[in-house]
There are 2 protein chains.
Amino acid sequence: MELFYAYEVTGRLCRLDADESTHCIRVLRHRSGEEIDVIDGLGTLYHCRLTLDSPKGAEAEILETRPGWGSHPYRLTIGCCPTKNNDRFEWFVEKATELGVDRIVPLIGEHSERKVYKTERAQRIALSATKQSLKARIPEIAEPQEVKSFIAAAPEARPALRLIAYCFEDPSVPRRSICEVLKEQADVKDITVLIGPEGDFSPEEAALALEHGYIPIHLGPSRLRTETAAVTAVEAVYLWSLTL
Amino acid sequence: MELFYAYEVTGRLCRLDADESTHCIRVLRHRSGEEIDVIDGLGTLYHCRLTLDSPKGAEAEILETRPGWGSHPYRLTIGCCPTKNNDRFEWFVEKATELGVDRIVPLIGEHSERKVYKTERAQRIALSATKQSLKARIPEIAEPQEVKSFIAAAPEARPALRLIAYCFEDPSVPRRSICEVLKEQADVKDITVLIGPEGDFSPEEAALALEHGYIPIHLGPSRLRTETAAVTAVEAVYLWSLTL
């Protein structure tokens, strides 16, 4: 099954941009009258008939609409400090998209070696992983934020489950495994997990998170790279949702 | 914490090969008399004192021995068909090693596009991921085998839990999620999971696996790439072990 992304859906018409049109018309040689499947990136799949087979801007008429196609039964935000090596963070974006994530926020922590992150490549990776894994909703790649401002700005609305994974041990605030915490939360569907940089979160960042209702967690005994920790958090939520 | 790999441990002496010695002596500039941590790749950490600081072949005297250092409470074999793109399979080897895996068997399936796989690079990646994630045991990267011969040769000894993940639906043999199956197996510690190629296992391969006591599983509703499915299987076992 091949999916195309429509940058615009108006009335009964889906419009593909130049990249998608070239792929659809020039590479895959689809022609007017043929049926194709189009996603709007917001969660809806449109089964369409191609009406304009231009490689510059193809158009397709909507025959059938499937809202929530390929969706998952939770809303997951991962706030993660980008790795020194960009490939590793982009690999996390691809895997998280395949599994099911809604929002990825590149965070700049006090211990981050990478203080700047451009989201364009990650957005392209998220689009291609969304199509490859047969989903209709492209996860949002937010603009980078500082850890403390993200924590302070996090919405207070319940029932949002907020988790922060850090590696140091604070006897006064014992960490529990992400699985143990999720198991208690069968009713919670709106989850945010924070993953720190190679240098971990600073004690101040962790303390601020706890003040804002974050639950301190660990991801098991293995020492995981930043991007592996981030994928493990997505896997924990994805696998947990299979048990609901 | 920096770990060095000893290719030979005899009596009270650990010997590093040329690569490890160069890294230890030339790059990190350790000198005789300094204390270093050495793994034998079989599960034991040795805290040592460097006695010969030669970049061609360093030697260290064992001060303290820690068997089972950085081990995990299960024995996991992943039989996985290598991906067309080698990087993707090698990425799986790195992530599985970080999380905790014991044996990786590259499988050649009837639908495999890749019929040949060389294990040298994967072995180097497994060693470096073992050291990076602070473990003393390097997972075995087996020589490639055909899916059917691996299944037929798989040891019959119980209590080994054998799982096979394929994507097609056989109404007569419904698949259950890997989490559901693991949850029933708190006593089982020896687990094998088979992950097919991009083209999936053939119905004959799946049937043979069921004959040999494999339980058919799925990894959830998302369509996952081969390497993502393989990592998800490792994550499921790793996260499941946190709940025991």
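The figures here come from the full heavy-atom set of this structure, side chains too, leaving out hydrogens, waters and symmetry mates.
- With hydrogens and angles left out, the side-chain atoms of A:Ser222 and B:Lys135 include a donor and acceptor closer than 3.5 Å.
- To the nearest 0.5 Å, the span separating OG1 on A:Thr65 from CG on A:Asp40 amounts to 9.5 Å.
- Residue B:Trp240 does not touch chain A at all, counting heavy-atom pairs closer than 4.5 Å.
- Taking the six-membered ring where the residue is Trp, B:His30 and B:Phe4 present perpendicular rings, their angle passing 60° and hence far from 30°.
- Side-chain atoms of B:Glu227 and B:Thr83 include no donor-acceptor pair closer than 3.5 Å.
- Taking the charged nitrogens against the carboxylate oxygens, B:Arg88 and A:Glu94 do have a contact shorter than 4.0 Å, which makes a salt bridge.
- Contacts between B:Arg176 and chain A at a heavy-atom distance below 4.5 Å are absent for every atom of the residue.
- In terms of heavy-atom pairs under 4.5 angstrom with chain A, the leader among B:Ala129, B:Ala236, B:Gly220, B:Ser241 is B:Gly220.
- For B:Glu180, no part lies near chain A; criterion is any non-hydrogen pair under 4.5 Å.
- With a 4.5 Å cut-off on non-hydrogen atoms, B:Ser177 touches chain A through its side chain but not through its backbone.
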